[in-house]
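Input: a single structure, listed below in structure tokens.
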Amino acid sequence: MSTSTQALRNRATDARAAEDFDRRDPDWYVDKLLAGIVFVCGISAILFVLGIFFFVTKEGIGFVFEKMDFREFFLTPYWSPSDAEDPEYGILALMAGTASVTGLAMLVAVPFSLGAAIFIAEFASGKTREVLKVLVELLAAIPSVVWGFIGLVIMNPLLIKWFDIPVGLCVLNAGIILGLMAAPIMTSIAEDALKAVPDRYREAAEAMGATRWQVIYKVVLPAAKNGLLGGVLLGVGRGFGETMAVLMATGHAVNIPDSIFDSVRALTATIAAELGEAVVGGEHYQVLFTIGIFLFLVTFIINLSADLIVRGIRKG
Amino acid sequence: MTSRSMLRQLAVLTIGAVAATGASARTEIQNKGSDTLVNAAQSLAEQYGKINPKVAVAVSGGGSGTGIAAMINGTVDIANSSRKMSEKEIKEAQAKGRQPVEHIIGYDALAIFVNKKFPADSITVTDLAKIYGRDGGASKWSDLGITIPGCKGEIVVVSRQNNSGTYAYFKEAVLGEKGKFRQGTLDMHGSKDVADLVEKTPCAIGYSGLAYVTDHMKALCVAPSAGKPCVKPTEQTAFDGTYPISRPLFMYTNGEPTGEVKKYMDWIKSNTGQCIIEKEGYAPIKKVTCK
């Protein structure tokens, strides 16, 4: 009884002492101000994302509700939005273009980046490792227009020569370029995932007499699989949203490809090429924003699932 | 000390620069649009700058659609276009309180480009429609009875992006009012890109303004249909209208031009301006004698 009263009294004095301590001198204000600024910066990302989503939706939603024919939009391949008499707004061919290029890019990027990540995380050590990591990051910093230029000027004649095709601006060209663009980010994430596998797993496997390859193949890779999958999905998101390089390397032809040597056109490239011409607020303008909404939703879903998958491994 | 004196110098320089720009008070004319016309518009602007240094004409390309959209949105004084404004566009402009006025400043022949290896020298508009039209029927050169050395696969059909006036005019002239382009054309972003691609690609066919014809390609002689004589694309045949796919080139102003814009438009239509149009590879609107 008496001890608890004592404790209460003590707490009261503590509170008073804290209040005394909490003097409103300049330092206190600086502290509050900085806390406020950091808070605003912290939530700014959310504000920006919401703001962009709001803007894109505002510009495009009019078309969605008033004129859009969902079947025409998603299921026909004819895209001639500037036709004065009879405009056609079918994005099937554009989706096929984006999907084929992104798919091929993943076929190129996954083996490359997985191999690179395994080498950096499991084999390389010391200087080699540091140099490789810096170089991978450097690769990620190359501007996309430079990649596009490589596709246009270097890859195009090479592909024509090697495969004896009429034009080298095609799914293959853009797929390789995009694969190389997505590889660095995928390598970094895959390497993080491999590093996150505790060393005791490796030690235990080695103690059981496993070879180095067996350790990687049977123990480390399965343990890191969620992180690796998350990395691949982020790469897919990167490919999906890439604009400049695909604009330059695909040939920009509205077409459902039936081989990797066909020219295609991507959703993003269509927006980039046509938005400047469209009359602000006109139908063509709104359709382009509707494509924007669609792209936003798809990349949002891809990135969200990548994030959830990566988080999954951290918890488990 | 040194940094302070440097600052002072900088300040003086800045004030000087501001004063200088203020004093000259140049009028700026914004001119935008047709990619076909961009080179001609650029040299018109340069020459005009020499005659009348008080006026600066800022020229940019982007396609006729871009220019017309800018006219509707009210961001340019003069829009260049290689096609007529559509009824819909004129209505949109009027809805925003603008009165587009059309000026013809020259004529252009839409040349059909093929690779040097192309065996023939002429083509008919009917065949062009087969190549470019949706379900037109020709996807390989052999469908038209043509074999090109070094070309095995399909015809590489080169077109322009859909805000291009050249695209719109070609569609109307070759595929007809209701015609549609086929799927899978390579939509280039400028006349020069079309020329570059056709020069390098044996299977390719493309179209663009006469001014973009180079020595590394063939510009075909075009016949309206089989059995009729073909006409070569030249300034003369564009001017007299005998070339089947020739077209007027336009500039649009918001209302009848006044002030500096009027002076500039009058100068473009004058002897001097028309000589520049001719020098850039287009047919002038009247007979001119140039130095």
Side-chain angles (χ1 to χ4, degrees), chain A residues 76-90 92-94 96-97 148 152-153 156-157 160-161 163-170 247-259 261-265 269-270 272-285 288, chain B residues 32-33 62-75 83 85-89 92-93 95-96 115 134 141 148 150-164 167-168 171-172 177-189 193 196-197 200-204:
Chain A
T76 63
Y78 302 118
W79 176 257
S80 55
S82 63
D83 202 316
E85 301 279 307
D86 169 29
E88 294 170 301
Y89 305 115
L92 184 67
L94 307 180
L152 201 61
V153 178
N156 181 25
I160 293 176
K161 213 166 104 193
F163 297 105
D164 199 14
I165 46 176
V167 176
L169 301 173
C170 55
L247 175 63
M248 294 165 85
T250 51
H252 209 54
V254 181
N255 188 26
I256 296 179
D258 49 25
S259 90
F261 300 122
D262 278 356
S263 295
V264 292
R265 194 204 272 208
T270 302
E274 294 179 6
L275 194 59
E277 100 204 39
V279 178
V280 175
E283 206 167 294
H284 187 188
Y285 179 86
L288 293 175
Chain B
K32 192 176 193 172
S64 301
T66 310
I68 290 171
M71 160 70 44
I72 296 171
N73 294 335
T75 56
R83 63 170 171 85
M85 264 178 96
S86 70
E87 301 253 320
K88 200 172 138 207
E89 284 164 337
E92 277 174 329
K96 294 204 175 194
N115 193 264
R134 186 175 295 173
W141 282 111
I148 306 170
C151 166
K152 285 172 209 147
E154 305 203 322
I155 305 176
V156 176
V157 186
V158 186
S159 184
R160 290 288 310 280
Q161 88 277 12
N162 57 33
N163 66 327
S164 149
Y167 167 99
K171 193 170 83 145
E172 193 192 310
E177 199 75 29
K178 294 246 180 284
K180 298 272 185 202
F181 275 101
R182 56 168 268 186
Q183 293 286 95
T185 55
L186 273 71
D187 303 340
M188 296 291 115
H189 225 76
D193 295 346
D196 283 348
L197 187 62
K200 283 191 216 120
T201 318
C203 294

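All chains are named by letter (A, B, ...) in the order of the sequence lines, taking the proteins before the strands, and each is independently numbered beginning at 1. All of these numbers come straight from a predicted model, not from anything done at the bench.
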> Using non-hydrogen atoms only, which part of B/Y167 is less than 4.5 Å away from chain A: side chain, backbone, both, or neither?
Replying inline: side chain
> Just how far is it from atom CD of B/Q183 to atom OG of A/S80, taken to the nearest 0.5 Å?
Replying inline: 8.5 Å
> Between atom OG1 of B/T185 and atom CZ of A/R265, what is the distance when rounded to the nearest 0.5 Å?
Replying inline: 7.5 Å
> Considering only heavy atoms from C-beta outward, does the side chain of A/P166 approach that of B/E154 to under 4.5 Å?
Replying inline: no
> At what distance, to the nearest 0.5 angstrom, does CG of B/D187 lie from CH2 of A/W79?
Replying inline: 12.0 Å
> How would you list, by chain and number, every residue that makes a side-chain hydrogen bond (donor to acceptor under 3.5 Å, both in side chains) with A/Y78, sequence neighbours excluded?
Replying inline: none
> Which bit of B/R182 comes within less than 4.5 Å of chain A, counting heavy atoms only: side chain, backbone, both or neither?
Replying inline: neither
> Of the backbone (N, CA, C, O) and the side chain (C-beta and beyond), which part of A/D164 lies under 4.5 Å from a heavy atom of chain B, both, or neither?
Replying inline: side chain
>> Need one label for B/K200: side chain, backbone, both or neither, based on atoms under 4.5 Å from any heavy atom in chain A.
In response: neither
> So which of B/K180, B/E92, B/M188, B/Q161 has the largest heavy-atom pair count under 4.5 angstrom toward chain A?
Replying inline: B/K180
>> Check B/K88 with A/E283, please: is the shortest side-chain N to carboxylate O separation under 4.0 Å?
In response: no
> Tell me, side chain or backbone of A/P257 under 4.5 Å from chain B's heavy atoms, or both, or neither?
Replying inline: neither
> CG/A/N156 to CG/B/L197 distance, rounded to the nearest 0.5 angstrom?
Replying inline: 7.5 Å
> Once you round to the nearest 0.5 Å, how far does NE2 of A/H252 lie from NE2 of B/H189?
Replying inline: 7.0 Å
>> Please report the interatomic distance SG(B/C203) to CD1(A/I160), rounded to the nearest 0.5 Å.
In response: 9.5 Å
> Are B/K178 and A/D86 within salt-bridge range, i.e. N to O under 4.0 Å?
Replying inline: no
>> What part of B/I72 gets within 4.5 angstrom of chain A, counting heavy atoms only: side chain, backbone, both, or neither?
In response: side chain
>> Can you give me the closest heavy-atom contact between B/N162 and A/P81, atom names plus distance?
In response: ND2-CD, 3.4 Å
